[in-house]
Amino acid sequence: MKIHEYQAKKLFKDYGISVPESVLCEKKEDISSLIKNFKVPCVIKAQVHSGARGKAGGVKIASDLHSAINIAENILGMELISKQAGAKKVNKILIEEAVDINKELYLSLTFDRKNEKIVLILSNEGGMDIEETANKSPEKIYTQILDNNFNVIETVKKLGFHESINTKIVNIIKNLYTLAIEKDALLVEINPLVITKQDDVIALDAKINFDDNALFRHEDILLLKDEKEENPYELQAQKDGLNYIKLDGTIGCMVNGAGLAMATMDVIRLAGKNAANFLDVGGGASSEKIEKAFKLLISDKNLEAVFINIFGGILRCDFLAEGVKNAIQNLNINVPVVVRMEGTNKDLGADILNHSGLKFTVVNNLNEAIEVIKKI
Ligand code: ADP
Ligand code: MG
C-alpha cells in the first residue's frame with residue numbers, strides 16, 4: 001500500500017526525522033488563507049501517489065504570496081501526467097516551506113530478498129535524476145545490507161561530508177530502519193534528503209510502501225489509504241477478496257491459482273492478444289465469488305473477450321459454471337466468453353453452460369482456446 005508524501009512526512013516526524021514545515025490544502029477556497037498564514041518563499045507540491053512529480057509540473061517554488069496562490073490554484077485540481085504513474089488528478093496539495101538546498105542526496109531502505117534483510121541505498125547524486133545515475137554511474141550508489149546490530153558509518157563516510165553531518169545521516173538511517181521494521185514497510189525512500197546551507201539534514205520528499213500482507217496489524221496505517229488513488233478495479237477486487245491486477249490488454253481472464261493465471265496470460269499472448277488483467281479466484285471460490293469476479297472482469301471498458309481457464313480441484317467445475325451462468329444472466333454481456341474447464345465435475349460444468357441458453361464457447365483444451373481467441 002502506498003501513502004502520500006504528507007502522510008509519510010508525518011510518520012518521519014514521529015520517528016525523529018526532520019521534515020520542512022508544511023500545511024495541507026484540499027479545497028480551492030482555502031488556498032489563499034492558508035498561504036497567507038504560512039510563509040514565502042514556499043513550495044507547492046501535488047499530493048498524488050507518484051514519483052517524478054517535479055518533472056511533471058507538480059512541484060513548484062513560489063517566491064511571493066501572489067505567485068504562491070497562483071501556482072497553488074493551478075496545481076490543485078490539475079491532471080498530473082507523470083512518467084511513473086500516468087495521469088492522476090491532484091486532489092490535495094502540500095504548501096511547504098522552501099528549504100535552502102546545498103546538496104541533494106538519495107537515501108532509501110528496501111528489501112534484499114536474497115539475503116532476507118533490509119538494504120540501505122545511499123548516493124550523493126540524489127534528486128530528480130536518480131534513475132539516470134543508477135543507469136549511467138552505478139558506482140555512485142552505495143549499498144549496505146543491514147544486520148541486527150548494523151553500523152553504517154563507513155558507508156555514510158563515502159558521501160564525503162564532515163563528521164557532524166555524517167552523524168545526522170547515521171541517525172536518520174537508524175530512525176528510518178526502526179520505522180520500516182515497526183510498520184512493516186517494503187520501501188522507505190527519501191529523495192532528496194538535503195543538506196541545507198545551515199548544515200541541517202532534512203527529508204524533502206518522502207515515500208513509503210507498506211507490505212499489504214502485514215496491514216492487518218497496522219490499523220493506523222490502513223487509515224492512511226486514499227481510495228481515490230487506487231485503481232478502481234483493484235479496489236473492488238480487494239473488497240471482494242480477489243487477487244486481481246489490472247493490465248493493459250483486451251482479453252479478460254479468470255483463473256484459479258496464480259501459476260495457472262500466469263500460464264493463461266502466456267496462452268493469450270500466444271494467440272496474439274494481451275491479457276486485460278491477472279485474476280486468481282483462488283482454490284475454494286464459491287459461486288458468489290465467481291459471480292463477483294466475472295462482474296469485475298466485464299466492467300473493463302477495453303474488453304474484447306473473456307477467457308475462463310479453471311482447473312477444478314477444490315473448486316468444482318459445476319460450481320464455476322453456476323457462478324458464471326448467474327453472472328451472465330444478471331448482466332448485459334456482449335463479448336464472447338471462452339471457457340476451458342478441467343478436473344472435478346468437468347462434464348457437469350460443461351452441461352450447465354451448454355444448456356444455459358447463453359452463448360459460451362466451451363473448449364476442450366488450451367490449443368483449442370488459442371484458436372478461438374485468435375479469431376476474436
Ligand atoms: P518528485 O520526486 O515527485 O519530483 P520532490 O518532492 O522530490 O518530488 O520534489 C522535486 C524537487 O523539488 C526536489 O528534488 C527539490 O529540488 C525540490 N523541492 C521539493 N521540496 C522542496 C522544498 N520544500 N524546498 C525546496 N525545494 C524543494
Ligand atoms: Mg522526490
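Note that ligands are numbered from 1 as they come in the structure, with each ligand's atoms numbered from 1 the same way. Note that the numbering runs from 1 along the sequence shown for the chain.
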Report, in ascending order of atom number, the atoms of ligand 1 lying under 4.0 Å from any heavy atom of [X].
| X | answer |
| --- | --- |
| A98 | 24 (N) |
| G51 | 3 (O) |
| V43 | 21 (C), 22 (C), 23 (N), 24 (N), 25 (C) |
| E104 | 14 (O), 15 (C), 16 (O) |
| R53 | 1 (P), 3 (O), 4 (O), 5 (P), 6 (O), 8 (O) |
| P192 | 7 (O), 13 (C), 14 (O) |

Which protein non-hydrogen atom lies closest to [atom], naming both residue and atom, and how far is it?
| atom | answer |
| --- | --- |
| atom 10 (C) of ligand 1 | M128 SD, 3.7 Å |
| atom 5 (P) of ligand 1 | D205 OD2, 3.4 Å |
| atom 19 (C) of ligand 1 | K45 NZ, 3.5 Å |
| atom 12 (O) of ligand 1 | V59 CG1, 3.7 Å |
| atom 23 (N) of ligand 1 | E96 OE1, 2.8 Å |
| atom 26 (N) of ligand 1 | I101 CD1, 3.6 Å |
| atom 18 (N) of ligand 1 | L204 CD2, 3.8 Å |

*Winner among A203, G54, G58, P41 once heavy atoms are compared against atom 4 (O) of ligand 1*: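 Among A203, G54, G58, P41, the closest heavy atom to atom 4 (O) of ligand 1 belongs to G54.
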Would you indicate whether [X], at its atom [atom1], is surrounded by more than 12 heavy atoms from other residues, nucleotides or ligands within a distance under 6.0 Å?
| X | atom1 | value |
| --- | --- | --- |
| D220 | CG | yes |
| F319 | CZ | no |
| E139 | CD | yes |
| K359 | NZ | no |

Are [X] and [Y] linked by a side-chain donor-acceptor pair shorter than 3.5 Å?
| X | Y | answer |
| --- | --- | --- |
| N309 | T264 | yes |
| Q238 | K225 | yes |
| D112 | N115 | yes |
| H49 | D226 | no |
| Y6 | E96 | no |
| E189 | N209 | no |

Any N/O of [X] closer than 3.5 Å to an N/O of ligand 1?
| X | result |
| --- | --- |
| A52 | yes |
| E97 | yes |
| S50 | no |
| V99 | yes |

*Would you say atom 21 (C) of ligand 1 touches the protein, meaning some protein heavy atom is under 4.0 Å from it?*
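Neighbour list for atom 21 (C) of ligand 1 includes protein heavy atoms (cut-off 4.0 Å).
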*Distance below 2.8 Å from the Mg ion (ligand 2): protein N/O/S atoms*: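 Under 2.8 Å from the Mg ion (ligand 2) - ignoring waters, which are not counted - the protein N, O or S atoms are N191 O, D205 OD2.
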_Close side-chain approach of K92 to L24, heavy-atom, < 4.5 Å_ =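 Counting from C-beta outward, K92 and L24 do come under 4.5 Å.
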